[in-house]
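Below you'll find the structure I mean.
Quantities reported herein were computed from a predicted structural model and do not represent experimental measurements. Below, chain A is the first sequence line, B the second, and so on; all start at residue 1.
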Amino acid sequence: MNAPSTGSGPRAIPDRLEGRWTSLFKSWETLLIAVAIVVFVVNALSSPYFLNAWNLSDATFNFTEKAMIAMAMALLIISGEIDLSVAAIIALASTAMGVALQYGAGTPELVLTGLLVGLLCGAFNGWLVTGLGLPSIVVTIGTMSLFRGIAYIILGDQAFTGYPPSFAWFGQGYVWWVISFELVLFAAIALFFGILLHWTSFGRTVYAIGNNPVGALFSGVRVGRTKFILFLMTGLMSGIAAICLTARLGSTRPSIAFGWELEVVTMVVLGGVSILGGSGGIPGVVIAAIIMGLVTFGFGLANVPGIVMSIFVGLLLITVIGAPMLWRRLKREHSA
Amino acid sequence: MLQQARSATVKKAPSPANEPVLALSGISKSFPGVRALSGVSLELYPGTVTALVGENGAGKSTLVKILTGIYQPDEGAIRLSGEEVSFPTAYDATQAGITAIHQETVLFDELSVAENIYLGHAPRGSLGLIDRARMNRDAAAVLKRIGAAIDPDARLRDLGIASKHLVAIARALSVEARMVIMDEPTAALSYKEIEELYALVERLKAEGKAILFISHKFDEIFRIADRYTVFRDGECVGAGLISETDHDALVRLMVGRPVGQIFPKRDVEIGEPVLTVSGYSHPTEFADIGFELKHGEILGFYGLVGAGRSELMQALFGVTKPSRGAVRIGGEVAVIRSPAEAIRRGIVYVPEERGRQGAIAGLPIFQNVTLPSLSRTSRRGFLRLAEEFKLARQYTSRLDLRAASLDRDVGTLSGGNQQKVVIAKWLATHPKVIILDEPTKGIDIGSKAAVHEFMSELVAEGLSIIMVSSEIPEVLGMSDRVIVMREGRIVGEYARKGLTAEMLVRAAAGIGGNDANRK
């Protein structure tokens, strides 16, 4: 492909061929921003209620909690693993907070309970995968049933209610004008994971593991430890999401956050993270989360039933996983 | 369809023994950057065992793949009983009556022995369903023919490694074949099982089959083969009757070229021991290993494939766990539990499986180079790209890497350039000991010379090198001292001076007086 270089002296290899701006323009993120703008405009044109600061603020609640988990999930999928138990962790953490409430826990104890249950569930997943060497997709399908099953046993068909108002602030409070606490928290989490993945050596090892776990191990990367930390962080984010969601709803039912794992994975994959691991980034996942929030909100304004949203998420998941693979196959056949 | 083909081959009268059943002539095959075979010929006669001999990389495997329809030759003709044929797919080769027993056969642990033997050509009943009763009967017959006492109904998982090998042989013979290719069939077998295999080869010979027998072990070649063909560097350098040759003549043909001028090994002053290994053992791979590596030394490790050399090196690098033994680095006892620890102690490993263990395809060149050195190029855990590019440029330019840019995916490079990236990665960690496992395997001649030249430079700078290699010229040309391993043990240690290819081949194959292991 490259022209053979003449002369046999030591040649200087350039650091980069394309400028950063060129590669940015060609990126998946640019495409996502275009999609986000289209969705925004379509919503604005189809409903007179859309372009209203408070309505838009409401729209953010459609994605903030899921997107918090998606940030950690992005790193996990890039490393070549997955956690399908995240929604079940929410159910278990929320149930645990409800139990704590029955024993007279105040807001600080409730928050602590949520975080702790999330961490423990993440540690359990991480131990099964890195300690016992089991495949994460099987492990977390198992713990998905396990965690939610425990919630069902404790709750039956009842619900915990009566959370204190100071706790409700985590899901319903506003920091300034229309800016909710959840939105600010999500922004902080996104910033944290963005920096962690793209600007630290920890993030670099995540990419190395995702591209070639054996090669990474042979390069001195502590593969098991890194993956364990990623499961721990995913569990913790699920715990935080459980606090926000429980506070917003003001109640705990065992079916809380049912099916969210698929929406979280869809956000991550739509955001440009390869389901096979090794590539993708946080900015794309953030934009993908906003797109999914806007679409959900648009459907809500247009009175589209919830099941249609579920069909949409399913189709979207298949499309974003399948399209890049089909694209590559077409390209190969053309060049061959 | 298969039934017809089978009866057709059986009915055919055996051709007279002086006419080859299969004749290859002028076969050439090239891969990007490598000419694997150039104009080779080979003839197989009915009721005759032909041994194919050659060093690793001489083109034997490529030839087997051409014969079994996996590769297509670029040039040359294949004649079957005098008629020119071609094998576009593996299925066509099978139909022509060629079957192969590979060194590592792919079998299915969860299926029964009979299912493994007949997978893909099981006898069918009336509805097109598999006729299990007949399949088990047939399998039992094939197993009996090769003298294997294995229940056809047993699950493959429950069998030992040798029995699995017999199942693989039964699978190859379940297709009625006129030509049987055996690619190092005794590599995984014990002494007793090897005897049984020899008996089987005799039976196949008596049945009039033409057998191509690939082996590194000279004792077995002289015991069972009738004819020989020697390959060297993709060319056919000799062929004839076994009865008209001897060990020494065959080894000379195999090694061939004068060794010594093409390798730029310089004389370096050898210093104090940097690495001392004693009583080092692993439950299955190696036992009782003891050696010393000195400052500025290149220590060669020679042996046949499967002698346990890579496994030993990976234990030293902390990938696998030894069961016993001690490692001293600079006189200090070192327990190495992970590659990260080995790197910290100054031991690095350039693996044989470059694609899986060495280069990380998907990551750019510069990130491959800096991966083990991130603690130095980053500050408080934060990456500094400018530092990374600087480090990567420094070491890749020393190795004369050819690439469009340093942010190119390492997976897009040629094998030789990928190897340079892997070596650059390790040099950037300032190691004391660098272990090179088959450092020039599968890379082009130009890159090979660059790697050799570079090894000399490194020891001149005070590094110590362990080089695992199966290429005799490389071992002889580059090593100050050579250790030979066989079946997981050290069977010989030789100084550079006066060392010959014959000595290495004999020690590795277990021929001659210094062999205490056998009998």
* For B:Glu341, is it the side chain, the backbone, both, or neither that has a heavy atom closer than 4.5 Å to a heavy atom of chain A? ->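 Nothing of B:Glu341, per the 4.5 Å heavy-atom cut-off to chain A.
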* To do: Go through the atoms of B:Ile343 and report whether side chain, backbone, both or neither lie under 4.5 Å from a heavy atom of chain A.
  =>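 Only the side chain of B:Ile343 comes within 4.5 Å of chain A.
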* Distance-only donor-acceptor check, side chains A:Thr143 and A:Asn125, under 3.5 Å ->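 Yes.
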* Any Lys/Arg nitrogen of B:Arg398 or B:Glu457 sitting under 4.0 Å from an Asp/Glu carboxylate oxygen of the other? ->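 B:Glu457 and B:Arg398: salt-bridged.
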* **More than 12 heavy atoms from other groups under 6.0 Å of CG on A:Leu116** =>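 Atom CG in A:Leu116 is crowded, with more than 12 foreign heavy atoms closer than 6.0 Å.
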* Asked: So which of B:Arg380, B:Gln314, B:Arg344 has the biggest tally of heavy-atom pairs under 4.5 Å with chain A?
  ->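 Maximum pair count with chain A is reached by B:Gln314.
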* Cationic N near anionic O, under 4.0 Å, B:Arg309 to B:Glu352 ->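 Result for this pair is no, no salt bridge flagged.
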* To do: Could you tell me which of B:Leu363, B:Val348, B:Ile365 has the largest number of non-hydrogen atom pairs under 4.5 Å with chain A?
  =>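 Winner by heavy-atom pair count: B:Leu363.
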* Let me know if B:Ser338 has heavy atoms under 4.5 Å from chain A in its side chain, its backbone, both or neither. =>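 Contact with chain A is absent: no heavy atom of B:Ser338 under 4.5 Å.
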* Measure distances from B:Ala392 to the heavy atoms of chain A and classify the residue's part below 4.5 Å as side chain, backbone, both or neither. =>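 Contact with chain A involves no heavy atom of B:Ala392 at all.
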* **chain A contact via B:Arg393 - side chain, backbone, both or neither, heavy atoms under 4.5 Å** =>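 The side chain, not the backbone.
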* To do: Would you name the heavy atoms of A:Met292 and A:Leu270 that are closest together and state the gap between them?
  =>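 Nearest heavy atoms, A:Met292 then A:Leu270: CG-CD2, 4.2 Å.
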* **Heavy-atom contact with chain A under 4.5 Å, split by part of B:Thr429** =>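 The answer is neither part of B:Thr429.
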* Non-hydrogen atoms of B:Gly318 and B:Ile336 that approach each other most closely ->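 Looking at all heavy atoms of both residues, the closest pair is CA-CG2, 3.8 Å.
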* Are B:Lys432 and B:Glu332 ion-paired here, with the side-chain N under 4.0 Å from a carboxylate O? ->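 No, no charged N to carboxylate O under 4.0 Å.
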* Return the option, out of B:Gly381, B:Ser405, B:Ala361, B:Gly411, with the maximum number of heavy-atom pairs under 4.5 Å with chain A. =>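 Top option by heavy-atom pairs under 4.5 Å: B:Ser405.
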* Asked: With only heavy atoms counted, which part of A:Leu196 is less than 4.5 Å from chain B, the side chain, the backbone, both or neither?
  ->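 Neither the backbone nor the side chain of A:Leu196 comes within 4.5 Å of chain B.
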* To do: With a 4.5 Å cut-off on heavy-atom pairs, point out which of B:Phe366, B:Trp426, B:Phe389, B:Tyr349 contacts chain A the most.
  =>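 Heavy-atom pairs under 4.5 Å are most numerous for B:Phe389.
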* Asked: Closest heavy-atom contact between B:Ala359 and B:Gln418?
  ->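 Answer, listing the atom of B:Ala359 first, then B:Gln418: CB-OE1, 3.9 Å.
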* Option that, when pairs with chain B are counted at under 4.5 Å, heavy atom only, ranks first among A:Asn211, A:Asp15, A:Val214 ->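 Sorted descending by pairs with chain B, the first entry is A:Asp15.
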